[in-house]
Amino acid sequence: MSAAAVSRYYATGKRKNSIARVWMMPGSGKITINERAADQYFGRDVLKMIIRQPFEVTGTIEKFDVLATVIGGGESGQMGIEIDFETVS
């Protein structure tokens with residue numbers, strides 16, 4: 001199946017005590033976590049930068065939207081799940 005034929009990607013992940021469900025689909029670069037923009041969800045600037053790095057490196061920063069629901073754990077544990085998902089996709 002070609003990448004063009006896939007309208008969205010889905011993955012689940014765990015890290016420490018956090019569990020995430022993540023959907024990635026073609027879009028404008030909007031990242032939403034638990035119904036909040038990533039910039040609002042993650043208070044630390046380094047976490048905001050890290051969540052965008054995989055898209056910047058691959059030149060897809062404004063080509064995909066990410067929708068995630070995350071439960072459990074702390075902010076850095078939840079961030080680790082997001083990064084693991086993005087580097088695999």
Shared hydrophobic cluster, V57 / V46 (ILVMFWY, side-chain heavy atoms < 4.5 Å):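 Unlinked, V57 and V46 end up in two clusters.
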hydrophobic_cluster_shared for F64 and I61, side chain cutoff 4.5 Å: yes
Taking the side chain as every heavy atom from C-beta outward, state whether [X] and [Y] have any pair of such atoms under 4.5 Å apart.
X	Y	value
I31	R52	yes
W23	T32	no
I51	V66	no

Polar side-chain atom of S18 near backbone of G72 as donor-acceptor pair, under 3.5 Å: yes
Determine the minimum heavy-atom distance between [X] and [Y], stating which atoms define it.
X	Y	value
D65	G29	OD1-N, 2.9 Å
K48	F42	CE-O, 2.7 Å
R21	Y10	CG-OH, 3.5 Å

T12 vs I19, side chain to side chain contact (heavy atoms under 4.5 Å, CB included): CA-CA, chis, key distance, verdict: CA-CA 7 Å; T12 57; I19 301 171; 5.8 Å; no
Crowding at CD, E35 (>12 non-hydrogen neighbours, <6.0 Å): no
N17, CG: over 12 other non-hydrogen atoms inside 6.0 angstrom: no
Point-to-point distance, once rounded to the nearest 0.5 Å, from CG of D39 to CG of L47: 11.0 Å
Spacing of M25 atom CE and K30 atom NZ [to the nearest 0.5 Å]: 10.0 Å
